[in-house]
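The next block holds one structure in the form of structure tokens; read it before the comments.
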Amino acid sequence: MLDVLGSLERTHTCGELRESEVGSQVVLMGWVAKKRDFGELVFVDLRDRDGITQVVFKSDNFVVVHDELPTNEGGQITFMGEVVDSSEALNKARFLRREFVIAIKGEVVNRGDKKNEDLDTGEIEVHADELLILNTSRVLPFQLEVAGSENLAAEDTRLKYRYLDLRRPQLQHNIRMRAKAVRAIREYFDERGFIEIETPILLKSTPEGARDFIVPSRIHTGKFFALPQSPQILKQLTMISGFDKYYQIARCFRDEDLRADRQPEFTQLDMEMSFANQETAYREIEGMFNHVFEKVGGIELPAEWPRMTYAEAMRRFGSDKPDLRFEMELGDLTDTARTIEFAPFQATENVVKCIVLKGVKDIENRKVGEIINIHDISRKSLDDLEEFVKRYGAKGLANIRIGFEAESVFSEWPDPADDIPEEKQGVVKSSLMKALGFNKLYRLINATNATPGDVILIVAGRKSVVAAALGALRVEIAKRENLIDRSAYKPLIVTEFPMFEHDEVTDRYTAAHHPFTSPMDEDLEKFTTAVNDESQHHLLGEVRAKAYDAVINGYECAGGSIRIHQKDVQALNFKALGMSLESARTQFGFFLDALEFGTPPHGGFAAGIERTCMILCGTENIRDVMAFPKTASAQDLMMDSPGEVDHAQLQELGIDTILDA
RNA sequence: GGAGUCGUAGUUCAGUUGGUUAGAACGCCAGCCUGUCACGUUGGAGGUCGCGGGUUCGAGUCCCGUCGGCUCCGCCA
């Protein structure tokens, strides 16, 4: 083939032409999305990243076919010699197949009453008089356009041919949305005087936090770099260097198991500023997200986001990243339950909490997003929900179902605990009926805000288990019952995170955020006591940090903290974490040194680009907002990575592999 | 590391109690068709039922193991 484009130059994209261009000569280039062949009349839906335009090949206006022409013999498409003949030419348009790449030149024609309402370009079509076949294509291993996403080919097939899957308009849209988001982030921080600084990808491994990806050094045989889990220390060093305001779109790596919203490599907006307190940081979080959501999605978030402490979030929602698009807050039954003789209620380490599913009689007219239809709560779905909470360590899920008839029964006997006749007690049904009896159940009902028609779901157990179980159940039910308003965006800043997490196996405290997070001023004394007085060590569990998260629609989109800038507090923290000064020096010596040379108070946050884009794109899967993602088992099915390495290459690095037989 | 779930034509799926030659739709190939846009129509090709083993006269179907996709727990900001 010669110079395939010849003298043609693209004048428009396939999503661009409108009635106003009617009459003009245009050149379009793109992929054959579909062909409708009538013999003497051929329609082609021509697709590029911008859209689809219908191209018409007719014998009376289609005169020139450039270049070499394909022929199909025994299913094998090959090129033949050049033909430039008008009637012959049309036949050649019939050789076009899906995903052939072509250029066409022609006139824009008004479709009149043949408009296609489903197409942005539907009011026009292009009558081709020149066709240039730029490339052929094999039949695709799966169909790009199918009715309904549930009919898409299996994801592993699509991941193997990711470059084809990316041709789908949905993924095209998501990836471009992501580009817009990153651009909006840069806009925001550039505008506000932040300096973009790149930090190294080859760092040093540290045992804290997630598992590192390790890179061997050839020059220093036997030694290894580690890829950044985040540029945490380096961005703090830029503060010590006096850059004052830093940001970076930073690739991060964590060698941990994957989830629907977690990949081994991901991108975060990383920012840090000097002379900042929590409020300064909150303002930047709000400012950045508000700018991005407005620019990218035209979505207006509140100028000031609601704030909630970690403790309150856990108490009300059983989660540190509550989805505020729906209600269903957790109710506390612990006090009432204590008065009831029932082993799970009595255990002193246990709390008893519940969620109330609001019932409604008029199923047809229920308001989506507010009210649940308890008529759907069958025996089986209650069992389902119990299975669900058990995954989080709950021993069981008790239920109390209050019939609508309870309305009249409760009003006839205002104090039903004593007076309701046995034959009327059937208005309440419960998995605890046998164990507790009607009167005790009634006390529990009274301790909630449940009304006739509602279902109460109860979990008793250790505080952390109850929160995890009910917090997850709340979201699960909202999804199953379609209680979530998909057009709503509910941001939240969660504050006062605990400084430490307790590891029950080793009875040690680990950094909840990271080891450079500052404790809250109010808790500094407690912190000091806990570290210095062995007997008060447990107080570490109560120390709160100047750490915060940004949560949108139940996703943790950003997290950050005010850092420790004083070396004695930092030393205290290492001690709390059970790290000797020597081992701290080995790992972070350079950083401890740096802290002693005039470190300004500073803090910042990091925002997950993918999670933010997931919300903007309305998807629950991180792979939908990444161009080339990995599978749940951390493999790339397209390039088949990770792969083995040549023996000589390993030898040069002084590395041998040990494989389990 | 653990649990759940799925795996049948290129794709999405159906496949009865274990029983003849494993079906449908879309896609693909060939023919016809000048206004389609989910074109229509006629005909055709296309299968290691993920893989391995077992039970059985007989396995897509039952059993055991294994591999892979997805989701969740553990793990992970």
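Residue numbers start from 1 in every chain, and the chains themselves are labelled A, B, ... in the order their sequence lines are given, proteins ahead of strands.
- For the pair A:E99 and A:R47, the salt-bridge criterion is met [side-chain N within less than 4.0 Å of a carboxylate O].
- Taking the P atoms as reference points, B:rG53 lies 13 Å from B:rA59, given to the whole Å.
- For the P atoms, the distance linking B:rG1 with B:rU66 amounts to 13 Å, nearest Å.
- Under the salt bridge (Lys or Arg N to Asp or Glu O under 4.0 Å) test applied with A:E610, the options A:R623, A:R262, A:R178, A:R259 reduce to a single match, A:R178.
- To the nearest whole angstrom, the two C1' atoms, one in B:rA14 and one in B:rC49, are 13 Å apart.
- Of all nucleotides present, only B:rG31 satisfies the Watson-Crick or G-U wobble test against B:rU41, with each distance under 3.5 Å.
- Closest contact between the side chain of A:R94 and the listed nucleotides B:rC32, B:rG35, B:rG68 involves B:rC32.
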For every nucleotide of nucleotides 72-77 of chain B, 5' to 3': is a protein heavy atom under 4.0 Å from its base (B), only from its sugar-phosphate (S), or from neither (-)? SBBBBB
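- Counting distance only, with no hydrogens placed and no angle test, the side-chain atoms of A:R111 and the base atoms of B:rC37 include a donor-acceptor pair under 3.5 Å.
- The aromatic rings of A:Y548 and A:Y282 lie perpendicular to each other, with more than 60° between the two planes, well past the 30° mark.
- The interatomic distance linking A:L96 (CG) with B:rC28 (C1') rounds to 16 Å, in whole Å.
- One P atom belongs to B:rU16, the other to B:rC63, and the distance between them is 14 Å to the nearest Å.
- Atom CG in A:L144 sits about 14 Å away from atom C1' in B:rC26, given to the nearest Å.
- In summary, of the residues considered (A:K114, A:E125, A:K34), a side chain to side chain donor-acceptor pair (under 3.5 Å) with A:Q54 occurs for A:E125 alone.
- Taking atom P in both B:rG35 and B:rA30, the straight-line distance is 23 Å, to the nearest Å.
- If you take CZ of A:R480 and C1' of B:rU71, they are 13 Å apart, rounded to a whole angstrom.
- A:E145 has its CD atom 17 Å from the P atom of B:rU12, to the nearest Å.
- A:P231 is linked by a side chain to side chain contact (heavy atoms under 4.5 Å, CB included) to A:T199, A:Y246, A:Q248, A:A250, A:C252, A:Q268, A:D270, counting only residues two or more places apart in sequence or in another chain.
- Of the charged side-chain nitrogens involved, none lies within less than 4.0 Å of a carboxylate oxygen, so that A:E123 and A:R111 do not count as a salt-bridged pair.
- Rounded to whole angstrom, the span from the CG atom of A:D384 across to the C1' atom of B:rU5 amounts to 13 Å.
- Taking atom C1' in both B:rU71 and B:rC28, one finds a spacing of 34 Å when rounded to whole Å.
- Surrounding NZ of A:K321 are at most 12 heavy atoms belonging to other residues, nucleotides or ligands under 6.0 Å away.
- Searching all strands for a Watson-Crick or G-U wobble partner of B:rU5 with both distances below 3.5 Å returns B:rG69.
- Counting only heavy atoms from C-beta on, A:Q54 has its side chain closest to B:rG35 among B:rG35, B:rG69, B:rC28.
- What separates NZ of A:K630 from P of B:rG68 is a distance of 17 Å, to the nearest Å.
- Qualifying side chain to side chain donor-acceptor pair (under 3.5 Å) partners for A:E286, counting only residues two or more places apart in sequence or in other chains: A:R307.
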Detail all sub-3.5 Å separations between protein N/O atoms and N/O atoms belonging to nucleotides 8-11 of chain B.
| unit_1 | atom_1 | unit_2 | atom_2 | d |
| --- | --- | --- | --- | --- |
| B:rG10 | O2' | A:P141 | O | 2.5 |
| B:rG10 | N2 | A:Q143 | OE1 | 3.1 |

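- Judged by distance alone, with hydrogens and angles left aside, A:K58 brings a side-chain donor or acceptor within reach of the base of B:rG35, the pair sitting under 3.5 Å.
- A:D261 has a carboxylate O that lies under 4.0 Å from a charged side-chain N of A:R611, or vice versa, which qualifies the two as a salt bridge.
- Across the C1' atoms, B:rA24 and B:rA9 are found 11 Å apart, a figure rounded to whole Å.
- With respect to the salt-bridge test (charged N to carboxylate O, under 4.0 angstrom), the residues A:K35 and A:D45 do not qualify.
- Of the C1' atoms belonging to B:rC62 and B:rG68, the separation is 23 Å, rounded to the nearest Å.
- Backbone-only engagement by A:E155 is indicated by non-hydrogen atom pairs under 4.0 Å involving sugar-phosphate atoms exclusively.
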Could you run down nucleotides 38-44 of chain B 5' to 3' and tag each one B, S or - for protein heavy-atom contact under 4.0 Å? SB-----
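- Legend: residues meeting side chain to side chain donor-acceptor pair (under 3.5 Å) with A:Q143, ordered by chain and number and at least two apart, are absent.
- To the nearest angstrom, C1' of B:rG27 lies 17 Å from CZ of A:R158.
- Comment: A:D640 does not engage A:K160 in a salt bridge, judged by the lack of any side-chain N to carboxylate O separation of less than 4.0 angstrom.
- The pair A:E387-A:R391 does not count as a salt bridge, with every side-chain nitrogen at least 4.0 angstrom from each carboxylate oxygen.
- Across all strands shown, B:rG19 forms a Watson-Crick or G-U wobble pair, both distances under 3.5 Å, with B:rC57.
- Look at CG on A:D624: it is 12 Å from P on B:rC70, rounded to the nearest Å.
- Across all strands shown, B:rC26 pairs with B:rG10; the Watson-Crick or G-U wobble distances both stay below 3.5 Å.
- A 6.0 Å sphere centred on CH2 of A:W31 holds no more than 12 heavy atoms belonging to other residues, nucleotides or ligands.
- Interface remark: the A:Q635 side chain does not form any donor-acceptor pair with the B:rG68 base, using a distance-only criterion of under 3.5 Å.
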